[in-house]
Amino acid sequence: MDFEKIVDRKQTSSVKWDRAEKIFGSPDVLPMWVADMDFDNARPIKDALRKMIDEEVLGYTFPPDSLFTSISNWQKTKHNMPTERENILLSPGVLSSIAVAVQAFTEPGESVLIHEPVYPPFFSMVNKNERRVFRTSLDIEDGQYTMDFDDIERQFKDENIRLFVLSNPHNPGGRVWSEDELVQLVELCKKYKVILISDEIHSDLVYSEKTCVSPVTLDDSYKDWVVTLHSATKTFNIAGVKTSFILVFNEVLKAKLVKVQEETELDIVNTFGMRATEAALSESNEWHEALLEKLEANRSIVTDFFDKELPEVSYMVPEATYLFWFDASRLGVDDDKLRETFAQKGKIGLNDGISYGPSGKSYMRLNFAVPKSLLMDGLERIKTVFDHYSN
């Protein structure tokens, strides 16, 4: 496991690398935006895929029992969530699962609530399915995002919200929600009969000082109100295999999800995804533990750099994820020009905060899941931008 190895991803149809020039307008931009890692994959995953290619015919397949066992074992061991096969629905991706949930639990024109700032497809998945999107802005306390429960309750009541989509842990801020916060949220969902969709794709990327909690595990009654979405793809850097899973414990909710999945063929995952997911969850724990150590070291490099070289720039210390959310307001650049500014002045490709919702304005998102040499290069490029505007 060499997390300092430079893997050349150019000319591999990589979204992160091969679309950088089109997105950022320059061929020499260092891409540190889309959330995948520049680390080689765990050997058991590659070995499983090689074995399949060498020994099998790539015909129709069905999910083996061993895949469901690997998911159940992972959820029980890592997330204190005892899970049986009947609680697991497979899906091509977490975003596909959100779309299925929107269709299963709401009707066209009904209302869905999301936090903001938050991962932009939350908005687009709801909007494309012709539901009304409402947003509740996150507050900032002690340098971290917190939920505004008064506003959530007001919107539950006044806007007749039917579904809440939660990023747990939060993307882009990296916040790990506490048990108290999650209990308060689910209790509001119960009170106003709102289904909670907990997107936990980043929940295996939590730093040592925190523990990510799945809200469905906090009380048996929550199983009637919470549906959990998860995948090995973010944790093990295998987003290309397009496989995820839905964890649902209430039979009525499950039946609604299954109906939409069957109507849309979104219950089918490919053979490569099944094999890669099983190998990740059942054989790659050592790689995962080493990854967390590497990410924690990189997080320290980033925060130390900002503290020393850019002390006037505020940021959120991520409690999870490999995403760093910092405030670029001191540049004095219009929010819709920030991405272009960093690309042109610093030759670095970052996500602009305004795309995560109006309250994300002035922020930028950095992906630090890269070898140290690339990380230091990227940080120096960011500093170049701030230096340019301070002169």
Side-chain angles (χ1 to χ4, degrees), residues 1-9 12-16 35-85 88-94 200-208 212 229-247 268-298 320-322 367 369-372:
M1 292 171 286
D2 182 3
F3 293 110
E4 302 305 336
K5 173 185 175 183
I6 301 296
V7 180
D8 186 0
R9 302 180 63 194
T12 65
S13 299
S14 163
V15 170
K16 183 177 184 180
D36 70 358
M37 299 184 278
D38 286 321
F39 302 137
D40 202 0
N41 298 111
R43 181 170 295 277
I45 297 173
K46 288 192 168 185
D47 287 346
L49 295 179
R50 289 191 188 99
K51 181 179 179 181
M52 183 183 72
I53 291 291
D54 290 342
E55 300 180 7
E56 299 181 22
V57 174
L58 302 180
Y60 290 114
T61 55
F62 59 87
D65 290 342
S66 54
L67 172 60
F68 293 97
T69 298
S70 70
I71 294 171
S72 295
N73 289 343
W74 185 270
Q75 289 302 119
K76 182 178 180 180
T77 302
K78 301 292 186 178
H79 301 291
N80 191 32
M81 186 190 297
T83 306
E84 302 298 331
R85 176 168 179 159
I88 303 169
L89 302 176
L90 299 180
S91 171
V94 166
E200 301 185 6
I201 197 169
H202 290 280
S203 63
D204 295 314
L205 299 171
V206 177
Y207 296 106
S208 56
C212 182
L229 311 182
H230 204 352
S231 175
T233 56
K234 195 69 65 179
T235 307
F236 292 94
N237 201 31
I238 52 174
V241 304
K242 296 295 182 184
T243 298
S244 73
F245 45 94
I246 304 171
L247 303 168
I268 297 174
V269 296
N270 71 71
T271 308
F272 293 93
M274 290 189 289
R275 296 297 174 85
T277 296
E278 182 178 341
L281 300 183
S282 63
E283 301 178 50
S284 305
N285 189 62
E286 183 180 357
W287 185 93
H288 176 236
E289 291 180 352
L291 170 70
L292 292 177
E293 292 181 5
K294 170 59 178 172
L295 293 180
E296 194 143 2
N298 276 11
T321 81
Y322 44 76
N367 172 355
V370 298
K372 183 178 179 180

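- Using a distance-only test at 3.5 Å, with no hydrogens or angles considered, no donor-acceptor pair links the side chain of Thr61 to the main chain of Asn270.
- Between Phe3 and Phe39, the ring-plane angle classifies as perpendicular under the 30° and 60° cut-offs.
- The structure places OG1 of Thr271 at 4.5 Å from CE of Met274, a figure rounded to the nearest 0.5 Å.
- Around the CD atom of Glu296, the shell of radius 6.0 Å holds more than 12 heavy atoms that belong to other residues, nucleotides or ligands.
- Taking each heavy atom of Ser244 and Val94 in turn, the nearest pair found is OG-N, 3.5 Å.
- Tyr207 contributes a side-chain N or O that, together with a main-chain N or O of Thr321, makes up a donor-acceptor pair within less than 3.5 Å.
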Query raised in the report: Where do Ile201 and Leu229 land on the side-chain contact (heavy atoms from CB on, under 4.5 Å) test, with the steps shown first?
Result: CA-CA 7 Å; Ile201 197 169; Leu229 311 182; over 6 Å; no

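- Of all the heavy atoms in Asp204 and His288, the pair that sits closest is O-NE2, 2.8 Å.
- Here the closest heavy-atom approach between residue Leu281 and residue Phe245 is recorded as CD1-CE2, 4.3 Å.
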Report task. Test Asp36 against Arg9 for side-chain contact (heavy atoms from CB on, under 4.5 Å), laying out the working first. Result -> CA-CA 12 Å; Asp36 70 358; Arg9 302 180 63 194; 2.8 Å; yes

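- Judged purely by atom type and a 3.5 angstrom limit, Asp38 has no side-chain atom pairing as donor or acceptor with the backbone of Pro371.
- The aromatic rings of His202 and Tyr322 stand perpendicular to each other, their planes meeting at an angle above 60°, with 30° marking the opposite boundary.
- Minimum interatomic distance between Ala276 and Leu49 (heavy atoms only, all atoms of both residues): N-CD2, 4.2 Å.
- Just one of Ser66, Ser284, Ser70 meets the side chain to side chain donor-acceptor pair (under 3.5 Å) condition when paired with Glu278; it is Ser66.
- Between the side chain of Thr233 and the backbone N or O of Ala239 there is no donor-acceptor pair closer than 3.5 Å.
- Ion pair Lys78/Glu200 not flagged as a salt bridge, since none of the NZ, NE, NH1 or NH2 atoms sits closer than 4.0 Å to an Asp/Glu carboxylate oxygen.
- Counting heavy atoms from C-beta outward, Lys16 and Asn367 have side chains that approach closer than 4.5 Å.
- Counted within 6.0 Å of CZ on Arg85, heavy atoms from surrounding residues, nucleotides or ligands total more than 12; the atom is thus considered enclosed.
- Using a 4.0 Å cut-off between a side-chain N of Lys or Arg and a carboxylate O of Asp or Glu, Lys294 and Glu4 qualify as a salt bridge.
- Two residues are said to be in side-chain contact when any heavy atoms from C-beta on lie closer than 4.5 Å; Glu56 and Arg275 meet this criterion.
- Heavy-atom minimum distance, Lys46 versus Asp40: NZ-OD1, 2.7 Å.
- Taking 4.5 Å as the limit, some side-chain heavy atom of Trp74 sits within range of a side-chain heavy atom of His79.
- In this structure, Asn298 contributes its side chain and Val370 its backbone to a donor-acceptor pair below 3.5 Å.
- Proximity of Phe68 to Leu90: side-chain heavy atoms (C-beta onward) are separated by under 4.5 Å at one or more points.
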Report task. Could you give me the CA-CA distance, side-chain angles and deciding distance for Leu67 and Thr277, then say whether side-chain contact (heavy atoms from CB on, under 4.5 Å) is met? Result -> CA-CA 8 Å; Leu67 172 60; Thr277 296; 4.0 Å; yes

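- In this structure the side chain of Asn41 reaches within 4.5 angstrom of the side chain of Ile238, judged on heavy atoms.
- Residues Ala279 and Ile45 share a closest heavy-atom pair of CB-CA, 3.9 Å.
- Within the 3.5 Å criterion, the main-chain N or O of Gln75 finds no donor-acceptor partner in the side chain of His230.
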**Report entry** Audit row: Glu283, Asp47, side-chain contact (heavy atoms from CB on, under 4.5 Å) steps and yes/no
**Finding:** CA-CA 11 Å; Glu283 301 178 50; Asp47 287 346; over 6 Å; no

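- Residues Thr83 and Ile88 have side chains in contact (heavy-atom distance under 4.5 Å, counting atoms from C-beta outward).
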